[in-house]
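Single-structure report; data block below.
We name chains A, B, ... by the order of the sequence lines, and we start the count at 1 in each one. Note that these values count all heavy atoms, side chains included, but never hydrogens, waters or copies made by symmetry. Remember, predicted model here, so these are calculated numbers, not experimental data.
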Amino acid sequence: MKRINWQIWTGFVLSVVALLSYAFLFSRWAITRDWPWVNLILFAIAMVFLFLGLRRAFKPDKGIVSKIFSSLAAAFGVLLLAGLLFVVFVAGRWLPPSTGAPQVGQKAPDFTLTDSNNKPVMLAQLLSEPVNNKPPKAALLIFYRGYW
Amino acid sequence: MRSFENNLPALSDAGIRVVAISVDKPEKTREMMVQKAGYTFTFLSDPRLEAIRRYDLVHAHDDPTLPASSGREDADIARPAEFLVDPSGTIRWRMVTENNFVRARPQQVLETAKALP
């Protein structure tokens, strides 16, 4: 009975799990979305198994079928890793051009928003209420993505 | 943002008020930024992206897997940007980067503020 190359299978399955778990699980939390360390670790382990599986499949006593199959499995695994890297570090870093954002020298658009104590705050207040008991010199507005 | 919290004494001494704005609702901000992360500067909520739209900072995100607990009506958020506004309401410095890895540094803000009247 032919023995299954479990290394190549493990590497292949782990690659799929590494990618799908990012898409459906880890991309939901800000911590693991921007730096998917769990998925990268899974991929690293998958690459080890794919390498071991390749080495085993290319032993002199192995046939052409096992060589082709394991090569395809390994290539697919690497492709999935490349896909994750692209999505996270290339496509995921895209930011809209924001050409309409106010330039230096222009007036900052007014707003009234709620603070973390549910009190409404106007931009004018941020620019006039004292900082360290002195009139403010400036307000730094930091727009951020939010914790989602 | 952590670097701004760490430099808050210097920024406050320089008369700079630090204000962070996102789509997160006040409850979420209280929980994540104030209680858990320990930030002490002002946080404002813009869940309907009113200010975010006026500053042209909308980052549309049609992601159906966004958790409902984020407390927002739709999946659009603000893209990161910083503006230093003087008391007359004029923008004196801004950082609207195209590269997600480049972020504003407190030192840049402090130096710009020194040049203000």
Tell me which of these, B:R92, B:R54, B:M33, has more heavy-atom pairs under 4.5 Å with chain A than the rest. B:R54
A:F49 ring center near A:F51 ring center (under 6.0 Å): no
For a side-chain contact (heavy atoms from CB on, under 4.5 Å) check, start with the C-alpha distance between B:Y55 and B:R94, then their side-chain angles and the critical distance, and finish with the verdict. CA-CA 12 Å; B:Y55 283 73; B:R94 60 169 239 166; over 6 Å; no
Which answer fits A:K107, side chain, backbone, both or neither, if we ask what part of it has an atom under 4.5 Å from a heavy atom of chain B? both
Assess the pair A:F26 and A:W35: is the distance between their ring centroids shorter than 6.0 Å? no
Check whether the ring centres of B:F41 and B:F4 lie less than 6.0 Å apart, and answer yes or no. no
Is B:E27 salt-bridged to B:K25, going by a charged N under 4.0 Å from an acidic O? no
Classify the ring geometry between B:F83 and A:F143 as parallel (under 30°), tilted (30 to 60°) or perpendicular (over 60°). perpendicular
So which of B:D46, B:V34, B:T42 has the biggest tally of heavy-atom pairs under 4.5 Å with chain A? B:D46
With a 4.5 angstrom heavy-atom cut-off, which part of B:R79 approaches chain A: side chain, backbone, both or neither? both
Identify which part of A:N132 has an atom lying under 4.5 Å from any heavy atom of chain B, answering side chain, backbone, both or neither. side chain
Is A:L81 reachable from A:L25 through a run of hydrophobic residues whose side-chain heavy atoms are each under 4.5 Å from the next? yes
Which one of A:L127, A:I142, A:V121 has the most heavy-atom pairs closer than 4.5 Å to chain B? A:I142
Pick one of side chain, backbone, both or neither for B:E31, based on which atoms fall under 4.5 Å of a heavy atom in chain A. neither
Tell me, side chain or backbone of A:P130 under 4.5 Å from chain B's heavy atoms, or both, or neither? backbone
Can you tell which part of B:K114 gets under 4.5 Å to a heavy atom of chain A, answering side chain, backbone, both or neither? backbone
Side chain, backbone, both or neither: which part of B:T112 has a non-hydrogen atom closer than 4.5 Å to chain A? neither
Which atoms of B:A14 are under 4.5 Å from chain A, going by heavy atoms: the side chain, the backbone, both sets, or neither? backbone
Chain A contact via B:V18 - which portion, at a heavy-atom distance below 4.5 Å: both
With respect to chain B, which residue among A:K137, A:E129, A:Q103 yields the maximal number of heavy-atom pairs within a distance under 4.5 Å? A:K137
Using non-hydrogen atoms only, which part of B:V85 is less than 4.5 Å away from chain A: side chain, backbone, both, or neither? both
For A:N133, I'd like to know if atom CG has over 12 heavy atoms of other residues, nucleotides or ligands within 6.0 Å. no
Results of salt bridge (charged side-chain N to carboxylate O under 4.0 Å, His left out) for A:K59 - residues two or more places apart only: none
Tell me, side chain or backbone of B:M95 under 4.5 Å from chain A's heavy atoms, or both, or neither? neither
Please rank B:T29, B:D13, B:L84, B:I52 by heavy-atom pairs under 4.5 Å with chain A and give me the top one. B:L84
Heavy-atom pair with the smallest gap, counting every atom of A:V88 and A:P36: CG1-CD, 3.7 Å
